[in-house]
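Have a look at the structure below before the remarks.
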Amino acid sequence: MKELLRVENLNAGYGDMQVLWDISLEVKEGEIVALVGSNGAGKTTFFRAITGLIKPYSGKVIYQGREITGTPAEKTVSLGIAMAPEGRHLFAGMTVEENLLMGAFHRKDRENVKKDLEWVYKIFPVLKERKKQLAGDMSGGEQQMCAIGRALMSNPKLLLIDELSLGLAPVIVDVLINVVKDIRDMGKTVLIVEQDVQVALEIADRGYVIETGKITYHGEAQKLLEMDEIKQAYLGI
Amino acid sequence: KENVIKLGAAISMTGKLAREGKYVKDGYEFWTWYVNEKLGGIKIGGKTYKLQLVFYDDESNANTAAKLVEKLITEHGIKFILGPYGSSATFATSAITEKYGAIMVEANGASDKIFTRGFKNLFAVLNVASQYLQGTIDMLANLDPSIKKVAIVYEDKLFAKSVAIGAKKHAEAKGWKVVTFAGYPGGTSDISSLLLKVKAKKPDVVLGSGHYQDGVLLVRQMKELRINVKAIGETVAPTLIDFVKNLGKDAEGVFGAAQWAASLKFSDPYIGSTQNFVKMFEQKYGYKPDYHVAESAAAVEVYQRAIEKAQSLDPQKVRDAIASLDFESFYGPIAFDELGRPAKKGMVVVQVQNGNQVVVWPEKVAQAKPIYPKPKWK
Amino acid sequence: MSEVILKGRGVTKKFGGLVAVNSVDFDVYEGEIFGIIGPNGAGKTTLMNLIVGLLPLSDGEIYFRNVRISGKKPYYIARLGIARTFQIVKPFKGMTVLENIMVGAFFGHGNYTSYKEAYERAEEIANLVGLWEKRDELVDHLNLAQLKRIELARALALEPEVLLLDEVMAGLNPTEMEKIMDLVRDINKKGVTVIMIEHIMKAVMGLSSRMMVLHFGTKIAEGTPEEISQNEDVIKAYLGERYSKRRKSA
Amino acid sequence: MIIQILINGVLLGGIYGLIGLGFSLVWGVTNLINLAHGSLVILGAYATFWIFHFLHIDPFISIPLVMVALFIVGYLMQRYIFNLAIKADVFLTLIMTFGMDVLLAQLMIVMWSADWRSIATTYQGKSFIIGQYLFPYTRVLGFVAALILTILTAIFLNRTKTGQSIRAVALDMMAARLMGVNPGKTYAITFGIGTALAGAAGSLISVIQSFNPAVGGGITLRAFVVAILGGLGSVEGAFLGGIILGIIETFSAFYLGESFKNVVTFTLFVIILVTRPRGLLGKKYYG
Amino acid sequence: MKKHIIPLIFLVILIIIPPFLSGYMLRILTAVVMFATLTEAINIIAGYAGYPAFGNVVFFGMGAYVTAILMNHGFGFYLTLIPSIVTAVLFAVVIGFPVLRLRGHYFAIASLGVNVAVMEIVNNLKIAGAAEGLTLPLKKGANPHVVYTYFYYLFLVVLVLSVIFTIWLEKNRFGFGLRAIRVDEDGALAMGINTPLYKTLAWSYSAVFTALVGSIYAYWISYIDPETVFDPIISVKMFVMMLIGGASTVYGPLIGAVLLELIAEVVWSKFVNIHGIVLGAIIILTVILIPKGFLDLFTGGFSWRRLVQNIKENMI
Ligand SMILES: Nc1ncnc2c1ncn2[C@@H]1O[C@H](COP(=O)(O)OP(=O)(O)OP(=O)(O)O)[C@@H](O)[C@H]1O
Ligand SMILES: Nc1ncnc2c1ncn2[C@@H]1O[C@H](COP(=O)(O)OP(=O)(O)OP(=O)(O)O)[C@@H](O)[C@H]1O
Ligand SMILES: [Mg+2]
Ligand SMILES: [Mg+2]
């Protein structure tokens, strides 16, 4: 499999406060990779650094063989990197449909956008029912679906999902797990952050464990699930 | 080392009164320059003194003006203060000069109220607000005894309202009926509702009191609403050049009240005549002086005259000298009543005729006969 | 069984055409932990907002110990002894951890009026919820887990008789979650009645003595966790196959 | 008579609407309460004035020119000044625009003096009659211009990609970036458009009243009222707000007297705010 | 207590300094003290409670007018102070009831609307001299310096009161309530804070100090008209000062008042013709470089890096 994303010795943070220390990681095309770790470990920060929402202090982000370190977020999306951010960040004053279409903002292929919209509606029927409702008026779970839908609308090669199951009903989590797998089967690559380590490692091919800004373990998801350290720290067993 | 007499002033160089403030400044500076350069200064007992003008920008703010006058008095030690522009600032600053026993000769604060406080050291060279439209009313009553109804509209601010109240009293004294007496807030860009009411009352004369933009607005909207009357009289606006430039033909026939006009013919002990004043000023500043310039220059002349007369720089003596002045200047007769207001000077009425602003009243200084009644709008 | 402390009858909330909460009746008994679950958008948060008075009811009534509280102002209800946490954390930014907690102490049921008393009370609570180390830090710099604790701490400082928790476990990893679960148990043991909304089954099922399930604003089930987890409607509408499979295999 | 007052009010209101439009747009999108708006309007009036003075182009015809010029001014101002502090507290950014207002007002005085200016068109003061009602040319033209610009702005915001990106940034800047929108540029474009609209309003001002740099403050106040009445960020709202303000002013001036028109306007304004806090056509989640 | 020592030293200096000042310097200092008080007052409602009372000058104007009207009817100055406070508080309560329900910008603009409306009403009020304003009897005294020193001390007393009040506020349950309201009003409600009451109280306290200052101002200046005492620019100035110094701190507003008055003073004397441009530029730069106010800039040591960092934090 071809390598899609490679991160080398990434250091990043906010102002004086360094959060990430020498992070290295790689993601191959068509993989689902999970990033797990406790609260405040720096997972979100890592996503922000890759998408270009913050500028790393040092290190490299290589995507499709090209270095994209420090490329601002508004540019990375057209390279095929999309993110469903933590906290959803929908355009509250726009309708659900407008939100989804915003996901395709940078796209030129109008025809396919329509098709993708229908596809997203098929995945999340609730969104279709509520397409005229303001996104801000929806419940937390509905919003999460909309956020993932919006990210999908950008036709990404690499999809980053921060806190996949946060605040979602178990049935919906089931749906999302399948969606993530479907997305992968369509040839897209998915990188997820997920608190429910069980869920995360169940769907992922590989996983990285991040603790206070450093990668402590990585490997095949199944293997990680069986490691005692992980069981103790993250599965509460 | 040169001997100097310092005159201090707070002048509106910025803010909403910056336009008028510039005239004031030019007027003060012109006469100072004239005294120093053309007359060689002021002689007191053999010594020659030069006048020196010390001024600051009050940002068109009365409070700042007060602060500055206090600075002039207490830091520069100046006892001879020239007025700021506008009634509010004159109010505030004159209270300070009075407290410190300094003198204020002011040329640009016309509100009647300024003179109700019994100040001893305050003198004005300009007529008070309530007198502004009296000349216009006298003239019209003289021209056409059949006038019965007058509408008075004014900007609802200190000066303009004082003018309107004075005009109302005077019109009623002439036996006219004031059919509309209405103010509108400052800064208004539409008085159509007010004018519709005026139109319904069918007045013979409309009198407007306000500043430049009010004058223009009144004429424009009267035309837009096709309100035809026998005469339109205003305060300041028609005496300004911009009025004619902006309104063009529509300005024709509008009367304006001025403290002074460049066409007047007075003699002056220093500069010779009004004409000379106008000529020299125009040469130096490149524009024709309007009455703000003239009254401001006259205020400096008052100090000059009084100091020469008193032969002293003692504030008390100079004050007494000012109180007893009685002479004709390029600006008109200068003498003060017991409250410090002009005792002998009157206002003049100007009318726009063929694009020129000509004096039409009082008769003895008139350049032309008033055009009456005003032609209807086309 | 003990007394009913909070009672709702025909509680309804409409947003325009949408009926977010539809004529729900509920009884919460003193001293219990009462779980509310339901699909996203079922109306759980809305119901909580109705209880604490942040939203006016469209219909129905809510009683706290037989005192009608529907229609009362939120601060009044809070002072009566009903505290809540917010699903989306709302710390008072620009204040330290202790100061955040002090706000609760000052204005709650406990009614501490002096700075010193409130301060001491806040210290106690900071200690209780495990924020002792962070007590003098500005809340702006805390991470989500800590903010959730602040939510809890502030609510506790009100010294409530009823505590409403809206997804306090969301976004926490299992270890963190266990800690908070212990905390909730402790609080409950001290006599505080707890109503919790949660999507993490391990937490609600583990803590609750009774549960209620909302679906499209309507109550579709009520009972012990055991009953709920076997209810076919609930599995279909909410729990999903994976959950029941996992449960069975466990 | 009542109809004539109504006509006057509506015509005046159109211009108010245009004054409020740019202000409302900028506020709604960038969260910047632009206290320099009035000064920018006056800048537009000066631009119109000088174009008329030197090139003898009619003020209504020069509107596009003025708008382009002002767009550039606004774009640069936002991009290189306001953007530097845009994330600060709203009241700080408010103070910043206040500083800009002070600066601009004085700059205009220094450059063009405080003289009163206005443009004397051949048709000023003239009106046409329909039935028994008078329609002053300048005001009718002003109204039409305002209406057209409002419609164009609405179309721009709702139908174009740039418009969509402006709305997106207004709602959530971080998310907008993730969609590929450059917020710095979008803010600058928005402010540029707001300034261009202010400039257009200036063009209208220059033909209906006299102006100098000091009248900006009053205009900003009107813009405030219009924006709030209509609802922040709502284009149609701004126009409607303007019309309502115009009608309120003319009617209260007629029935209660000019002196009370501001009292009525502002009392009503406060009442509307209290009863409809989002303005008449304000949209949720903006501003 | 420690942090009050430097301010106390300043207070002592302020108390003993008048005899050493020229009339002009005294007037500037008086203006500084006056604005410091106004800013400290607006800080209660806008800083602590987060309600940007853009029309706060309305209380200043009211205080000024109540004093002016009563003194014109023969009341002594001190007798006018209680009515002045009462009027302002009544107004804050009555108007506050509807207006304080608005939040953020909307409150700002509504309070400005109230201000303009009141100004226009006074403009038409016969008893208040309408548009022509009112003159007040001049304060009699041995010499001007004594008279103006007297006013200076009057302002200073109110300033000290307002500072003491704010110090009390900081450590009091009331202050906590206000701060909570500022950050999150729903959160505050849920914490049991009677927000309507608290907001009204905060505005009333703000009104008390503002009105007192207005009363003294009227007597000091001896002539008032609606345009000057209800001038919205005064509110803007209070705001600028509060923010420059540091909002919702005890001493920030004072620092802001001193800085802005002094900067303005220096700027206009140095740049007579372009002082507006310079002043405008200084304000813009201040916001860009020190958005958290001067107090913040110097607590914990000044560094240039802080300035750059400030820009980075707030720019896009
Ligand atoms: N905008 C920010 N400014 C300053 N510090 C921040 C910011 N966002 C996060 N942090 C800090 O950076 C650290 C890492 O946070 P981050 O959000 O990346 O963690 P996380 O692993 O995503 O945690 P969680 O599971 O809670 O989402 C935390 O200590 C947090 O307080
Ligand atoms: N202010 C509002 N206006 C309109 N609709 C609203 C509003 N608040 C909530 N809703 C709608 O009411 C329904 C119930 O929302 P609520 O937030 O109570 O759901 P919830 O059960 O808490 O969901 P979640 O588990 O996702 O948090 C949702 O469909 C939501 O879109
Ligand atoms: Mg995170
Ligand atoms: Mg919820």
Practice task
Could you tell me which portion of D:V263 (side chain, backbone, both or neither) has an atom closer than 4.5 angstrom to a non-hydrogen atom of chain E?
Solution key: both
Problem - Interatomic spacing from NZ in E:K292 to CG in D:D89 - rounded to 0.5 Å - result: 12.0 Å
Completion exercise
Whatever's closer than 4.5 Å to a heavy atom in chain D on E:N123 counts as neither
Exercise for the section: Return the minimal non-hydrogen interatomic distance between E:A117 and D:T267, and the atom names on each side. Expected result: CB-OG1, 4.1 Å
Handout entry: Proximal component of D:L94, with respect to chain E [non-hydrogen, under 4.5 Å]
Key = side chain
Practice task
Taking the side chain as every heavy atom from C-beta outward, state whether E:F54 and D:I33 have any atom pair closer than 4.5 Å.
Solution key: no
Problem - Flag side-chain contact, heavy atom, 4.5 Å: D:V274 against E:L102 - result: yes
Practice task
Over all heavy atoms of both residues, which pair between D:A88 and E:N314 is shortest? Give the atoms and the distance, please.
Solution key: N-OD1, 3.5 Å
Fill in the blank from the handout: Cut-off 4.5 Å, heavy atoms of chain E, and the answer for D:I228 is side chain
Completion exercise
Most heavy-atom pairs under 4.5 Å with chain D, out of E:I284, E:V118, E:V114, E:I311, belong to E:I284
Exercise for the section: Flag the pair E:M315 / D:N83 as yes when at least one side-chain heavy-atom distance between them is below 4.5 Å, and no otherwise. Expected result: no
Exercise for the section: Measure distances from E:I282 to the heavy atoms of chain D and classify the residue's part below 4.5 Å as side chain, backbone, both or neither. Expected result: neither
Practice task
Take atom NZ of D:K87 as the centre, draw a 6.0 Å sphere, and report whether it contains more than 12 heavy atoms from other residues, nucleotides or ligands.
Solution key: yes
Exercise for the section: Examine whether an atom of D:I109 lies under 4.5 Å from a heavy atom of chain E, and if so say whether it belongs to the side chain, the backbone or both; otherwise answer neither. Expected result: neither
Problem - Spacing of E:N115 atom CG and D:F266 atom CZ [to the nearest 0.5 Å] - result: 9.5 Å
Completion exercise
Of all heavy-atom pairs linking D:Q106 and E:I277, the shortest is CG-CG1, 3.5 Å
Problem - Rounded distance [0.5 Å steps], CD1 in E:I316 versus OG1 in D:T186 - result: 8.0 Å
Problem - Whether over 12 other heavy atoms sit under 6.0 Å from D:K161 NZ - result: yes
Handout entry: Distance (rounded to the nearest 0.5 Å) between D:F98 CZ and E:L279 CG
Key = 7.5 Å
Completion exercise
Test side chain to side chain contact (heavy atoms under 4.5 Å, CB included), reference D:M96, set E:V240, E:I283, E:I288, output is E:I288
Handout entry: Part of D:F82 lying under 4.5 Å from any heavy atom of chain E
Key = neither
